**Student:** 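Before we start, here is the structure in question, set down as C-alpha cells.
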Amino acid sequence: MIKSETANELALQKDRQYLWHNITPYSESAPPMIVESGQGSWVTDLNGQRYLDGMSGLWCVNVGYGRKELAEAAYHQLLQLPYFPLTQSHLPAIQLAEKLNEWLEGDYVIFFSNSGSEANEAAFKMVRQYYQQIGQHYRHKFISRYRGYHGNSFGALSATGQAQRKYKYEPLAGGFLHVAPPDSYRRPAGQSVEAFNLQCAQAIEDMIIWEGAETIGAVIMEPTITGGGVIVPHRVYTDKVQEICRKYGVLLIIDEVICGFGRSGQKFGHHNFGIKPDIVTIAKGLTSGYLPLSATAVRKDIYEAFKDSSDEYSHFRHVNTFGGNPAACALALRNLQLMEDEQLVERSRVLGQRLHNELSQLLEHPLVGDVRSFGLMSGVELVADKDTRQPASLDIVKSVIAGCKRRGLIIGKNGDTVAGFNNVLTFAPPLSSTDDDLDFLISTFKHVMSEH
Ligand code: PLP
C-alpha cells in the first residue's frame, strides 16, 4: 500500500504539472482520482482502492470494464488494417452501418465521426445543406431545449441549453433557439403531467410560428434530458413534438449519445416513445467507451438529396480523418454482439426498474424532492424545501457525492447546467452490473443519505 501511495503521489505531481482536466476545476484540496484498472462495474485507483462506477465513466461503459473480446476485436483489426479514410470504404464500417440499421429499426445512411459533439455538428450541417438543395433556402435555424447538452464544439454548444457551459465562450454560432424542457417536477401547482407536457411541446410550435416556419431546419432533443438532470418526458410530449415537426416540415434530430445502446431499457431511447426521427446521433455506448466512435444516422431519402451530380456542391463536403476508424468499427460490432448475447438491453430494463423502486423509497427523506428514471439511469433531485422545491445547495450535493466516494461508490450530478439548479444526483451503472453490484450501490447510497 505504501508503495502504491507513493506511486500515486508521484503521478499526482506530474498530473498537476502536465494535465488539463475536462470541466473539473483545479483544486489543491481535491486532487483527481488516478484510475489504473477496471473490471466489470468496478475501477481501481493507483492506491489500490476499488470503486463501483455508478456512472459508467461518462455514461458510456455500457458493457462494463475489462472485456477481453472488445480488446481482441480491435487488436485483430489493427493488425489487418489499422486505418483507411472513409473517403473510400472498408468492411468494418460497412458491416457496422448495416448493423446500426438493424438496431435503429429504420432505413438510415450512416456518417461516422469520433464524438457525440462531432455527430451533432455533422447533423446540423446536413440539415442546412439538405434544405438548400431542395430549394427551401431559409431553413437554417435549430430549436433545442434549455438544460439539454449536445456537445462542446461551437455548433453543438450553441444547441446546448445550459447557460453555465457557455459563459465566457459566447457569442457562439447563430441560428440556435431554445425552449423550456418538460420538467414535470417543476410544473405549476394543480396542472396535470400530461397537460404540462403538452404545453411544453406547444412552446416549440409557438416558436416555429413566431420565427417563421420557413426558417426552421430542425428540432434537436434527447429522448430524455440526461446530463441536464434526468428530465423524462411524458409520451404525449414526444408524440406532439413529432407531430409539430411534420406539420411544419421541420426535421427531428434525436440525440441518442447517452440514451442509446440499451441505457434507456430499449435499444434506443426514442423506442420508448414510438417516434421516428429523421436523424439520430449516437456515440458513447456504441463502443462502450473503449474507443472513440460516433455516428450520424440519416433517413435514406434525405441522403438522396446529396447525390445530384449536376451541382458541384451537392455532396456533403465534410471530412473526418479518424471518423469510422476500422478498429473502432470492429470493436463496436463486437460490443453490439456482446450486448445481444448477454441480453443487456433487457438487463437494463430489469436493473433500472429495481434501481428506481429502491431510490423511490428515499422520497420520504427530507432532502429528496423527486426520483426520475429512464431505463438504467436515474436522477435524484435534492431540495432544501419540499414545499417550495427550492434546490438543495451545491455543498449538500457535493457532500453526498463525497460520502459515497469515501465508501467506494462513484455517482454523478448535473454540473454547470443552470445557475442554482445543479442539484440532481445521477446514476448510470454499467448495464452488465451484477445483482450484488446494484445491492452495493443502493445500500451505500441509502447509508450516505441517512447521514444527511
Ligand atoms: N450529446 C449528449 C446528450 C451528451 O451527453 C454528450 C456528452 O456528454 C454529447 C452530445 C457530446 O459528446 P462528446 O463528449 O462525445 O463530444
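Just so it is clear, the structure is predicted and the values come from calculations on it, not from any experiment. Start at 1 and go down the list; that is how both ligands and their atoms are numbered.
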**Student:** Would you say the side-chain atoms of Glu222 and Thr226 include a donor-acceptor pair closer than 3.5 Å?
**Tutor:** yes
**Student:** Could you check whether Arg165 pairs with Asp416 (Lys NZ or Arg NE/NH1/NH2 to Asp/Glu carboxylate O, under 4.0 Å)?
**Tutor:**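 So Arg165 does not pair with Asp416 through a salt bridge.
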**Student:** Tell me, which protein residue and heavy-atom name are nearest atom 1 (N) of ligand 1, and how many Å apart are they?
**Tutor:**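 Answer, as residue, atom name and distance: Asp255 OD2, 2.7 Å.
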**Student:** Can you tell me the protein heavy atom closest to atom 14 (O) of ligand 1 and the distance?
**Tutor:**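 The closest heavy atom on the protein side is Ser117 OG, 4.4 Å.
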**Student:** If we set the cut-off at 4.0 Å for heavy atoms, which region of Tyr149 has an atom near ligand 1: side chain, backbone, both, or neither?
**Tutor:** both
**Student:** Check this for me: does any side-chain nitrogen of one of Glu72 and Arg67 sit under 4.0 Å from a carboxylate oxygen of the other?
**Tutor:**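 Result for this pair is no, no salt bridge flagged.
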**Student:** Is the closest basic N to carboxylate O distance between Glu194 and Arg235 below 4.0 Å?
**Tutor:**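 Result for this pair is no, no salt bridge flagged.
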**Student:** May I ask you to list the atoms of ligand 1 that are less than 4.0 angstrom from any heavy atom of Gly151?
**Tutor:** 11 (C)
**Student:** Tell me yes or no: between the side chains of Thr44 and Glu36, is some donor less than 3.5 Å from an acceptor?
**Tutor:** no
**Student:** Taking distance alone, with N or O pairs closer than 3.5 Å, would you say Thr226 contacts ligand 1?
**Tutor:** no
**Student:** If you measure from the Lys or Arg side-chain nitrogens to the Asp or Glu carboxylate oxygens, is any gap between Arg347 and Glu342 under 4.0 Å?
**Tutor:** no
**Student:** Any nitrogen or oxygen of Val257, side chain or backbone, less than 3.5 Å from one on ligand 1?
**Tutor:** no
**Student:** Taking only non-hydrogen atoms of Asn152, do any sit less than 4.0 angstrom from ligand 1?
**Tutor:**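 It does not; every heavy atom stays at 4.0 Å or beyond.
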**Student:** Which option out of Met221, Glu118, Glu222 puts a heavy atom nearest to atom 3 (C) of ligand 1?
**Tutor:**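 Looking at heavy atoms only, the winner is Glu222.
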**Student:** For ligand 1, which atoms, with element, lie under 4.0 Å from some heavy atom of Ser115?
**Tutor:** 15 (O), 16 (O)
**Student:** Please find out if less than 6.0 Å separates the ring center of Phe427 from that of Phe445.
**Tutor:** yes
**Student:** Which bit of Lys284 is near ligand 1, meaning a heavy atom under 4.0 Å away: side chain, backbone, both or neither?
**Tutor:** side chain
**Student:** Provide the number and element of each atom of ligand 1 under 4.0 Å from a heavy atom of Gly116.
**Tutor:**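 Selected atoms, number and element: 11 (C), 12 (O), 13 (P), 15 (O), 16 (O).
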**Student:** Give the atom numbers and elements of ligand 1 that come within less than 4.0 Å of a heavy atom of Ile258.
**Tutor:** 5 (O)
**Student:** Does a salt bridge link Arg186 with Glu381, judged by any charged N lying under 4.0 Å from a carboxylate O?
**Tutor:** yes
